[in-house]
Protein chains: 2
Amino acid sequence: MIDVTIKDIAKKANVSYATVSRALNNKKGVRGETGRKIREIAGELNYRPNAIARGLVKKQTHSFGLIIPDITNPFFPEVARGIEDGAREAGYSIFLCNTNWEKNREIHYINLLAEKRVDGIIIAPISNKVEFLEKTLNSKIPVVYVSNAPHDTQNSYVVIDNIRGGFLATRHLIELGYNSIGFIGASNDSLTIDERLKGYKLAFKKYGMEVDESNIKLGDFKRETGYNLIKRMIEMSNYPRAVFAENDLLALGVIQGVKESGLSVPGDVAVVGFDDIPFASFPEVQLTTICQPKYEMGKKAVEIILETIEEGSGKWVCRKIILEPELIIRKSSH
Amino acid sequence: MIDVTIKDIAKKANVSYATVSRALNNKKGVRGETGRKIREIAGELNYRPNAIARGLVKKQTHSFGLIIPDITNPFFPEVARGIEDGAREAGYSIFLCNTNWEKNREIHYINLLAEKRVDGIIIAPISNKVEFLEKTLNSKIPVVYVSNAPHDTQNSYVVIDNIRGGFLATRHLIELGYNSIGFIGASNDSLTIDERLKGYKLAFKKYGMEVDESNIKLGDFKRETGYNLIKRMIEMSNYPRAVFAENDLLALGVIQGVKESGLSVPGDVAVVGFDDIPFASFPEVQLTTICQPKYEMGKKAVEIILETIEEGSGKWVCRKIILEPELIIRKSSH
DNA sequence: GTTTGCAATGCAAACGTTTACAATCTAAGC
DNA sequence: GCTTAGATTGTAAACGTTTGCATTGCAAAC
């Protein structure tokens, strides 16, 4: 009962195992009756093709890797779902790799996936330092960046226009009349933050306003961080009456911090986030935010990976897709 | 540059490839100098062992499958993170399979994982109908159920005491003085619901109260469902002033529905959830709920899988772990 | 009744490892 | 210097498939 192989079937059907292989893969050149018998026996024996063996000879595993920094941030599961759906439809499986925002874990996984001979890698990189990734993988395994990507990459990516997003969020607050606007984000070797901050500054410039660097506070991507940073900010004598947080999780932390300081949102401090995670729209929260098409982003990333794989090792497919962010105004700012 | 193998190294080092294999795996019986040279060459050539080939001969892939119904429900990412952490520490990778609550997708994935020859499967089953799963996998691939499990299974599981959880939630509401308490959950071939509902009824019994079946409304596990069901409930002339929702997502939907009906929580309707997802504790939400040790649950499940694998095909490891639920009282009920 | 051509099948190599066993080398013991 | 044991290395089989090529069988065409 342990692991029935193609040979077992061959023996029972009195044919060579090459014929069994052909029959089971519905290849031409096998008599109808023979095929039927073989399939029947395969069924009886509860045969399951060994994808490992097949992978070895066909040099493809029908699987790819998905590297994300934080499965706990609802943004990523949403993207992952898109990827998973697309992959399944095409007959691919995905290795889930959660880096927990640790660079060495990212590297670890890249090596691992390479050893597993995945057909492609979809990665939401932690930072814009991707030399290692690019060096080890380039021209060997197709890579698609998702969510954010180093701008000088040779690889495909599907991202959102983070500068535009940062700009939209900030402009929204400016137009509401705020002239002192805080920025709360993750540490600055992340590309995401780099660009969203750029958008933030762009808006200031466009309206002829000065950026006050002391209003920019950086940490990481966790909710607690938003909470801590806003508290520190509020201690400042002249704290900003509006805050743009780099993602919704941070924004939620900010809101919590504001409330706990005895202030109100948006009365005392207006808050805008980024991502539009499901909870942002929850009536209790009603967070103004920049919406990213998360599911579609994942779906698209898979499409590109598949396209690259199909293309064979021939020419290098390179799609650079930049999606439009959308400002969604809710009650945390008005 | 495309795929350097053990043979390339052997040629360059002037040794047989068996020696290379031994050297790279740090096996005894290879001279220090030889080993050093081989490793050096391997480094230069940027050699990456082919896990597929290795898997074929060693008959293990160092990967296992994780089947969950909904990666979008924050409960599961939390569990997944525990599993991922445990797996990585032990050198295993996980195939993520999201069934989207569809039974045939679950079956599809089970077959797929079997073909991929994963070393084990951790599954949060959709329903208590697992004959197929058990039939196809039993005694071939180690299985560990997580979150909930069929009680008559031969396999290991790590779950929470759902009956107890349902009981705690309901008792809490009873003790607050409510005598008409609604139950909102998923369709009834889910084990989870079966047990939590059992706990609900148990509490009624214990306090000598009658269960009013019209106060029990079933749908699925999505937030919208909670929203829709509570709205239907509120239309009833004598709707319950307290609701136990089978999970936090449903509970959030319930709260939304209550508010939109112009009623307040907990003033008009008290709400208790289940899971304690991160957002339940958010100050805007403050959902009373039954806490599950999600991360630990995942961690434990991996431990068991690993233990089973280590054990070899010798005896059948079977651990049945039932964790204690904990009632966390917040502002959605008091 | 040959030939021709094509469909059906079998044979064997290949994919990149690991590993049992055989062969060789080295150095210690006599 | 010869034996011998132990360490080092090589040979080849195995893992379960796919697939190019050779072989066979059979029917149609001559």
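Chain identifiers are assigned alphabetically (A, B, ...) following the order of the sequence lines, protein sequences preceding nucleic acid strands; residue numbering begins at 1 within each chain.
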Show the distances under 3.5 angstrom between N or O atoms of the protein and N or O atoms of nucleotides 8-12 of chain C.
from    : atom 1 : to       : atom 2 : distance (Å)
dT9(C)  : OP1    : Arg31(A) : NE     : 3.4
dT9(C)  : OP1    : Arg31(A) : NH2    : 3.4
dT9(C)  : OP1    : Thr34(A) : OG1    : 2.7
dT9(C)  : OP2    : Arg31(A) : N      : 2.8
dT9(C)  : OP2    : Thr34(A) : OG1    : 3.3
dG10(C) : OP1    : Ser16(A) : N      : 3.4
dG10(C) : OP2    : Ser16(A) : N      : 2.6
dG10(C) : OP2    : Ser16(A) : OG     : 3.1
dG10(C) : OP2    : Thr19(A) : OG1    : 2.8
dG10(C) : N7     : Arg22(A) : NH2    : 2.8
dG10(C) : O6     : Arg22(A) : NH1    : 3.3
dG10(C) : O6     : Arg22(A) : NH2    : 3.4

No-hydrogen, no-angle side-chain donor-acceptor test under 3.5 Å, Asn98(B) and Arg81(A):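 Side chains of Asn98(B) and Arg81(A): no pair found under 3.5 Å.
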Please determine whether a side-chain nitrogen of the Lys or Arg among Arg319(A) and Glu307(A) lies less than 4.0 Å from a carboxylate oxygen of the Asp or Glu.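 Between Glu307(A) and Arg319(A) there is a salt bridge, with a charged N closer than 4.0 Å to a carboxylate O.
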[atom1] of [X] versus [atom2] of [N]: gap in Å, rounded?
{"X": "Ile38(B)", "N": "dG10(D)", "atom1": "CD1", "atom2": "C1'", "answer": "12 Å"}
{"X": "Arg48(A)", "N": "dC15(D)", "atom1": "CZ", "atom2": "C1'", "answer": "19 Å"}
{"X": "Arg36(B)", "N": "dT8(D)", "atom1": "CZ", "atom2": "C1'", "answer": "15 Å"}
{"X": "Asp8(A)", "N": "dG16(D)", "atom1": "CG", "atom2": "C1'", "answer": "11 Å"}
{"X": "Ile6(A)", "N": "dT17(D)", "atom1": "CD1", "atom2": "C1'", "answer": "6 Å"}
{"X": "Lys27(B)", "N": "dA7(D)", "atom1": "NZ", "atom2": "P", "answer": "17 Å"}

For dT18(C), does OP1 or OP2 lie under 4.0 Å from any side-chain N or O of Asn25(B)? yes
Would you say dG16(D) has OP1 or OP2 under 4.0 Å from some side-chain N or O of Lys59(B)?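 Yes, within the criterion.
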Considering only dT18(D), dT18(C), dC15(D), which nucleotide approaches the side chain of Leu56(B) most closely?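 Looking only at side-chain atoms, Leu56(B) lies closest to dC15(D).
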Which nucleotide in the list dG16(C), dT17(D), dT19(D) gets nearest to the side chain of Lys58(A)? dT19(D)
Between N or O atoms, less than 3.5 Å apart, protein on one side and nucleotides 26-28 of chain C on the other: list the pairs.
none

Does Thr5(B) reach a base, just sugar-phosphate, or nothing at all? Heavy atoms under 4.0 Å.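 Contact class for Thr5(B): sugar-phosphate only.
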Could you tell me whether Lys116(A) atom NZ has more than 12 heavy atoms of other residues or ligands within 6.0 Å of it? yes
